[in-house]
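Remember, predicted model here, so these are calculated numbers, not experimental data.
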Amino acid sequence: MTPPVTDLTGQIASAPDADATYDIAQPEPAALVESLRAFGYSLRTAIADLIDNSISAEAKSVWLHFEWDGANSWITIRDDGHGMAEDELITAMRAGSKNPLAERPPRDLGRFGLGLKTASFSQCRRLSVMSKRKDLPEATRCWDLDYISECGEWRLLKNLEKAKQEGLLDTQSGTVVIWDKMDRITGDAKTDDNAAYKRFLEAIDQVKEHLAMVFHRYLEKPGRLKIWINNRPIEPWDPFLKNEAATQQLPQERLLFHGQSVLVTPYVLPHQSKITAETHKRAAGPAGWNAQQGLYIYRNERLLVPGDWLGLGFQKEEHHKLARMQVDLPNSLDSEWQIDVKKSRARPPGPLRTDLKRIAKSTRERAVQIYRHRGKVTARRSSQEHVFLWEQKARHGKYYYAINRSHPAIEDAYRNGSKATVEPLLRMLEETVPVGFINVTSSETPESFAAPFEDCTYESVKRVIESLYNSFVSSGCSREDAIARLLTIEPFSHRPEFIQAFQEEQESG
């Protein structure tokens, strides 16, 4: 006798006909659920995915609670949205509960019908949900991955002891999601494991930073969403410093694609000298100033990509760190922008890349003007004379080029090394300057010569700057004088923004 086939809710499905031209290849439950755990969520992106559901349910408040108890620790995500009736909850608990190709309401933050399950399974082995619609009884369901593995069937449990204890408090409607058996977060840690407890607290801080960034536009407006972690409200993190007077908003552009609008709003953030130290530190964001530059992709005001040039041909460089661009997409363009299940990746479609690159180039140019202006001001304040590495000399009526032995880098090399070793190397460099090649190139293609440190990033030359700076300080220069001397030395005199970046690091460190 053919055994009954069950669907994801545990209901018996129609048995296959022995004479049919097909077989029903039902996925093996234990294997599939383990695969669903491998979507690559982190704790912070998983929780953000669940909050998307709360926003779609029109919640005004979301309460996160992290409870430490070693291996028995647990997390709850509770909202005061419209909740679900029992049949709706069963549907929501089914993997692939929505067709990603189906048309969605404009404000819907979902797409694949997988978020609740994949996000939760990535962090825990037991997902319990209790939900309540106004004037309807509470509905409860639970996926226990260990139980599924034991029974070999998609049995969606109805008994939720912990969920019943948690309850919905005094809200007339809403939903509670409970994670326990959190093997990916706590493993088999003991309650008194201080190192594991510290990691748990660090994870909470990371979640807080991430949610403040991802949902900042929901958190900023009066009467909008409030998110709490262990009864403490999350404050929004605005990547564009819109409330700062020195922030520059460049002209908005509305790009049309497949009849839909993509709104691009470029910003150039203020130089460090124009904002408070506290504001500057906070504006760096979770990843730091350099990493947070670029395009910020939003769908329905929910942040998907927090700062990236998205393969437009630009690098994340120190002197472009003030450039950030807000890009607003409708959810109808998810496929064209390659939005993934985790809502953490996006790629602009080909027809939009030219316009986005043009806007990004203009924004970066304005940002580097702001950044370099400060460096140039610092350079002008220096009373030191410029020091050149190469000198032109004459010998028997012929010109030749020599390395300036008074250059600080050379003096440092003499101090820290053997002059008997350094001097022959310098002579070898002087006698082999490729003057002939330089002359030919200069006459044929003079525009092809690169400027000092052209296309170099600050990080790639930082060690050179640091070495000279330390040499100046160790030889008796004050820190201020050491910076001033660096600004007069070739090739740094051509790129004062690098010295400015180094100075800011020294001051903030």
Margin query: Could you check whether any side-chain N or O of T247 sits under 3.5 Å from a backbone N or O of N243, counting only pairs where one atom can act as donor and the other as acceptor?
Written below: no
Notebook entry, point to check: So, W237 side chain and H216 main chain: donor-acceptor pair closer than 3.5 Å or not?
Noted result: no
Check: Rounded to the nearest 0.5 Å, how far apart are NE2 of H320 and CD of E497?
Finding: 9.0 Å
Item checked: Salt bridge present between E423 and R405 (N-O < 4.0 angstrom) -> yes
Next item on the list: Apply the test salt bridge (Lys or Arg N to Asp or Glu O under 4.0 Å) to residues R427 and E430: give CA-CA distance (whole Å), side-chain angles for both, the deciding distance (0.1 Å), then the verdict.
Entry: CA-CA 5 Å; R427 283 299 308 275; E430 291 171 338; 3.7 Å; yes
Item checked: Heavy-atom pair of closest approach, residues S406 and N404 -> N-OD1, 2.9 Å
Margin query: Run I465 and Y458 through side chain to side chain contact (heavy atoms under 4.5 Å, CB included) and show every step you take.
Written below: CA-CA 10 Å; I465 299 172; Y458 165 67; 4.3 Å; yes
Next item on the list: Could you check whether the rings of F240 and Y298 sit parallel, tilted or perpendicular, using 30° and 60° as the cut-offs?
Entry: tilted
Note to self: On a heavy-atom basis, which atom in W309 and which in Q293 lie closest, and how many Å separate them?
What the structure shows: NE1-OE1, 3.2 Å
Checklist line | Smallest separation among heavy atoms of Q500 and Y371, with atom names | finding: C-OH, 4.4 Å
Next item on the list: Decide, yes or no, whether a salt bridge links K462 with E318 under the criterion of side-chain N to carboxylate O below 4.0 Å.
Entry: no
Next item on the list: I would like to know whether M213 and L303 meet side chain to side chain contact (heavy atoms under 4.5 Å, CB included); could you show each step before the answer?
Entry: CA-CA 7 Å; M213 176 177 65; L303 182 59; 3.5 Å; yes
Check: R254 and S261: which non-hydrogen atoms are nearest, and at how many Å?
Finding: CD-OG, 3.5 Å
Note to self: If you compare all heavy atoms of R324 against all heavy atoms of A283, which two are closest, and at what distance to 0.1 Å?
What the structure shows: NH2-O, 3.0 Å
Margin query: Regarding K321 and E504, does a basic nitrogen lie under 4.0 Å from an acidic carboxylate oxygen?
Written below: yes
Check: Are any of the side-chain nitrogens in E301 or K221 under 4.0 Å away from the carboxylate oxygens of its partner?
Finding: yes
Next item on the list: Ignoring hydrogens and angles, tell me if any N or O in the side chain of T45 forms a donor-acceptor pair with the backbone of Y41 under 3.5 Å.
Entry: no
Next item on the list: Using a 4.5 Å cut-off on heavy atoms from C-beta on, say whether the side chain of P330 contacts that of L333.
Entry: yes
Check: Under 4.5 Å between any side-chain heavy atoms of V464 and F498, yes or no?
Finding: no
Checklist line | From CD (Q272) to CG (L322), nearest 0.5 Å | finding: 10.0 Å
Check: If you count the non-hydrogen atoms of other residues, nucleotides and ligands that lie under 6.0 Å from NZ in K242, is the total more than 12?
Finding: yes
Check: Can you tell me if NZ on K316 sees more than 12 non-hydrogen neighbours from other groups inside 6.0 Å?
Finding: yes
Margin query: Nearest 0.5 angstrom please: I229 CD1 to H65 NE2, how far?
Written below: 12.0 Å
Check: From L225 CG over to S61 OG, what is the distance, rounded to the nearest 0.5 angstrom?
Finding: 7.0 Å
Notebook entry, point to check: Between S467 (side chain) and R463 (backbone), is there a donor-acceptor pair under 3.5 Å?
Noted result: no
Check: Which atoms form the tightest heavy-atom contact between M325 and L356, and what is the distance?
Finding: CE-O, 4.3 Å
Checklist line | Pairwise distance CD1(I499) to CG(L486) - rounded to 0.5 angstrom | finding: 4.5 Å
Item checked: Lys/Arg N to Asp/Glu carboxylate O, K274 vs E244, below 4.0 Å -> no
Margin query: Is it the case that the side chain of R44 and the backbone of E209 share a donor-acceptor pair, with hydrogens and angles ignored and the cut-off at 3.5 Å?
Written below: no
Note to self: Contact between L64 and I51 at the side-chain level, heavy atoms closer than 4.5 Å - yes or no?
What the structure shows: yes
Item checked: Derivation and outcome, side chain to side chain contact (heavy atoms under 4.5 Å, CB included), residues L145 and R37 -> CA-CA 10 Å; L145 303 190; R37 306 194 75 199; 3.8 Å; yes
Margin query: Using only atom types and a distance under 3.5 Å, with no angle test, would you say the side chain of S120 pairs donor to acceptor with the backbone of L116?
Written below: yes
Next item on the list: Answer yes or no: is there a side-chain heavy-atom contact under 4.5 Å between W179 and I47?
Entry: yes
Next item on the list: Could you give me the CA-CA distance, side-chain angles and deciding distance for Y197 and W68, then say whether ring-ring contact (aromatic ring centres under 6.0 Å, His included) is met?
Entry: CA-CA 7 Å; Y197 178 56; W68 170 255; 5.5 Å; yes
Check: Are the side chains of I403 and W390 in touch, meaning some heavy atoms are under 4.5 Å apart?
Finding: yes
Item checked: Residue among R217, R299, Q252 satisfying side chain to side chain donor-acceptor pair (under 3.5 Å) with D328 -> R217
Notebook entry, point to check: In Å and rounded to the nearest 0.5 Å, what is the OG to CG distance from S56 to N53?
Noted result: 6.0 Å
Note to self: If you count every heavy atom of other residues, nucleotides or ligands that lies below 6.0 Å from R479 atom CZ, does the total exceed 12?
What the structure shows: no
Checklist line | Q292 side-chain N/O to P306 backbone N/O, donor-acceptor pair under 3.5 Å | finding: yes
Next item on the list: Using the side chain to side chain contact (heavy atoms under 4.5 Å, CB included) rule, take E505 and E466 through it: C-alpha gap first, then chi angles, then the decisive distance, then the call.
Entry: CA-CA 11 Å; E505 283 190 1; E466 190 173 34; over 6 Å; no
Item checked: Check: V262 and W337 side chains under 4.5 Å, non-hydrogen atoms -> yes
Next item on the list: Ignoring hydrogens and angles, tell me if any N or O in the side chain of H271 forms a donor-acceptor pair with the backbone of S273 under 3.5 Å.
Entry: yes
Check: Is K208 salt-bridged to D205, cutoff N-O under 4.0 Å?
Finding: no
Next item on the list: May I ask you to decide if the ring planes of F502 and Y469 are parallel, tilted or perpendicular, using 30° and 60° as cut-offs?
Entry: perpendicular
Next item on the list: With the side chain counted from C-beta on, respond yes when F215 and I234 share a heavy-atom pair under 4.5 Å apart, and no when they do not.
Entry: no
Checklist line | Sidechain N-carboxylate O distance under 4.0 Å for E220, R224 | finding: no
Margin query: Between L295 and L312, is there a side-chain heavy-atom distance shorter than 4.5 Å?
Written below: yes
Next item on the list: Decide if atom CD of E278 counts as having more than 12 heavy atoms of other residues, nucleotides or ligands within a radius under 6.0 Å.
Entry: no
